[in-house]
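So the structure is just underneath, and the comments pick up after that.
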There are 2 protein chains.
Amino acid sequence: MFSKACEYAIRALLFVAQKSKDGSKVGIKEIAKGIDSPEHFIAKILQDLSRKGLVLSQKGPSGGFYLDDSTLNISLADVVRTVDGDSIFSGCALGLKQCSETKPCPLHHEFKRIRDDISEMLQTAKLGEFNALLEKNKLFLKR
Amino acid sequence: MFSKACEYAIRALLFVAQKSKDGSKVGIKEIAKGIDSPEHFIAKILQDLSRKGLVLSQKGPSGGFYLDDSTLNISLADVVRTVDGDSIFSGCALGLKQCSETKPCPLHHEFKRIRDDISEMLQTAKLGEFNALLEKNKLFLKR
DNA sequence: AAAGAAAAAGACAAAAAACTCTTTTATTTG
DNA sequence: CAAATAAAAGAGTTTTTTGTCTTTTTCTTT
Ligand code: FES
Ligand code: FES
């Protein structure tokens with residue numbers, strides 16, 4: 001469904017979101033532990049997301065990654081699009097070069113609905129909205 | 001969503017299904033052209049599917065791949081499971097080692113519905129059921 | 001200003017996926 | 001039987017994805 005990089009990205013940002021609640025910043029090592037991902041790999045991914053403005057960062061002592069009110073409102077759809085491109089939002093289920101109504105693949109009509117459901121799920125979900133449930137251990141980012 | 005191998009597999013089997021309607025067999029080259037896929041790659045994939053009984057084959061002149069009444073009734077779910085395993089049917093959207101109700105990831109509750117929709121779509125779709133629409137050019141397997 | 005901390009950058013390495021090429025084996029047909 | 005045909009098998013290659021390691025830059029704190 002998503003690439004590994006994208007899965008890590010989402011989990012990392014949700015982790016950062018949670019920790020950012022009280023304005024504090026999180027280091028790479030803590031993030032990697034918190035979401036059970038390879039440290040250097042998630043570092044790369046976050047560098048990318050940082051360059052593209054989906055997460056904020058600060059170097060030096062007491063630095064780290066964090067989100068502000070604006071970035072806490074970013075949708076998972078934005079994250080997915082940034083990391084994986086928009087194939088999941090508009091690509092053909094059977095790999096035709098381009099999904100189209102006029103030359104549909106055998107799964108097109110059924111798949112369209114599913115794809116739209118995925119889009120809506122991702123568009124609706126915002127980085128900041130899971131903090132409470134994560135805090136209460138009703139939701140998990142690893143294992 | 002699916003691996004390239006799996007996309008090709010589905011398209012190839014639907015192509016073979018269509019051509020098998022009147023009991024004839026299709027060679028690899030015709031299949032590759034018919035679904036616009038790398039010839040040797042789809043050959044490998046079909047060898048696999050053949051070994052596992054999802055498609056029938058015959059060597060020698062006038063040989064090729066074909067489906068009989070029994071295999072025409074195989075579901076796309078079977079094909080996907082054979083090629084890609086069952087991660088799409090039961091895996092976690094965010095890559096947790098195991099999707100579970102008791103330790104759900106943030107997307108779990110929404111994603112479960114989507115995953116089930118996908119399962120149903122694939123379980124319902126049988127290899128033989130698209131022949132008529134493919135014949136009439138209402139459905140396509142390439143471009 | 002100096003030291004230390006932490007992200008950024010860059011260069012590799014390993015593994016998996018996608019794709020290619022060659023040889024072998026089985027089957028049909030003349 | 002001989003020749004031709006077509007899948008099966010096996011052994012690569014290339015590309016992409018995933019993951020690691022080292023160095024550099026920037027910032028904070030003392
Ligand atoms: S053409 Fe395949 S999903 Fe639309
Ligand atoms: S735990 Fe992630 S989808 Fe079920």
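The chains referred to below are lettered A, B, ... by the order of the sequence lines, with proteins before strands, and numbering in each begins at 1.
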Output the single nucleotide from [options] whose closest atom is nearest the side chain of [X].
| X | options | answer |
| --- | --- | --- |
| Phe41(B) | dC19(C), dA6(C), dA8(D) | dC19(C) |
| Phe65(B) | dT18(D), dA9(C), dA8(D) | dA8(D) |
| Pro61(B) | dT28(D), dT18(D), dT27(C) | dT27(C) |
| Lys44(B) | dA9(D), dT20(D), dT18(D) | dA9(D) |
| Ile28(A) | dA18(C), dC19(C), dA7(C) | dA7(C) |

**OP:** Would you kindly check whether a donor in the side chain of Lys29(B) faces an acceptor in the base of dA6(D), or vice versa, at under 3.5 angstrom?
**Re:**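 Result: no qualifying N/O pair found.
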
Original post:
Does Lys4(A) make a cation-pi contact with Tyr8(A), if we ask for NZ or CZ under 6.0 Å from the ring centre and within 45° of the axis?
Top reply: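 Output yes; distance and angle both within limits.
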
Original post:
Do we get Arg81(B) above Phe89(B)'s six-membered ring, with its NZ or CZ under 6.0 Å from the centre and within 45° of the axis?
Top reply: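 Pair Arg81(B)/Phe89(B) counts as cation-pi.
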
Select base, sugar-phosphate, or nothing to describe what [X] touches, counting heavy atoms under 4.0 Å on all strands.
| X | result |
| --- | --- |
| Val26(A) | sugar-phosphate |
| Leu46(B) | nothing |
| Val55(A) | nothing |

Over how many whole Å does the gap from [X] atom [atom1] to [N] atom [atom2] extend?
| X | N | atom1 | atom2 | value |
| --- | --- | --- | --- | --- |
| Asp36(B) | dC19(C) | CG | P | 11 Å |
| Ile45(A) | dA9(C) | CD1 | P | 15 Å |
| Phe2(B) | dA18(C) | CZ | P | 13 Å |
| Lys4(A) | dT20(D) | NZ | P | 13 Å |
| Asp48(B) | dA18(C) | CG | P | 13 Å |
| Glu7(A) | dT18(D) | CD | C1' | 12 Å |
| Lys59(A) | dC27(D) | NZ | P | 7 Å |
| Ile42(B) | dA6(D) | CD1 | P | 18 Å |

Subject >> Heavy-atom donor-acceptor pair, Ser37(B) side chain to Lys33(B) backbone, under 3.5 Å >> reply: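 Judged by distance alone, no pair lies under 3.5 Å.
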
Original post:
Just by distance, do the side chain of Arg143(B) and the backbone of Leu96(A) share a donor-acceptor pair under 3.5 Å?
Top reply: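 The answer is no, because no donor-acceptor pair under 3.5 Å joins these two groups.
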
Within the pair [X] and [N], is there a side-chain N or O less than 4.0 Å away from OP1 or OP2?
| X | N | value |
| --- | --- | --- |
| Ser62(A) | dA5(C) | no |
| Gln58(B) | dA7(D) | no |
| Arg51(B) | dA7(D) | no |
| Tyr8(A) | dT18(D) | no |
| Ser50(A) | dA7(C) | no |

**OP:** Step through the shown structure and confirm whether more than 12 heavy atoms of other residues, nucleotides or ligands are within 6.0 Å of CD on Glu39(A).
**Re:**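 Counting neighbours around CD of Glu39(A), more than 12 heavy atoms of other residues, nucleotides or ligands fall under 6.0 Å, so yes.
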
**OP:** By nearest nucleotide on DNA chain C, pick out whichever of Gln47(A) and Gly60(B) is the more 5' one.
**Re:**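 Comparing both residues, the 5'-ward one is Gln47(A).
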
Subject >> Polar contact flag, side-chain donor to acceptor under 3.5 angstrom, Ser119(A)-Asp116(A) >> reply: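 No.
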
**OP:** Please tell me which of His40(A) and Ala43(B) maps to the more 5' nucleotide of DNA chain D, matching each residue to the nucleotide holding its nearest heavy atom.
**Re:**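 First, find each residue's nearest nucleotide; the 5'-ward one identifies Ala43(B).
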
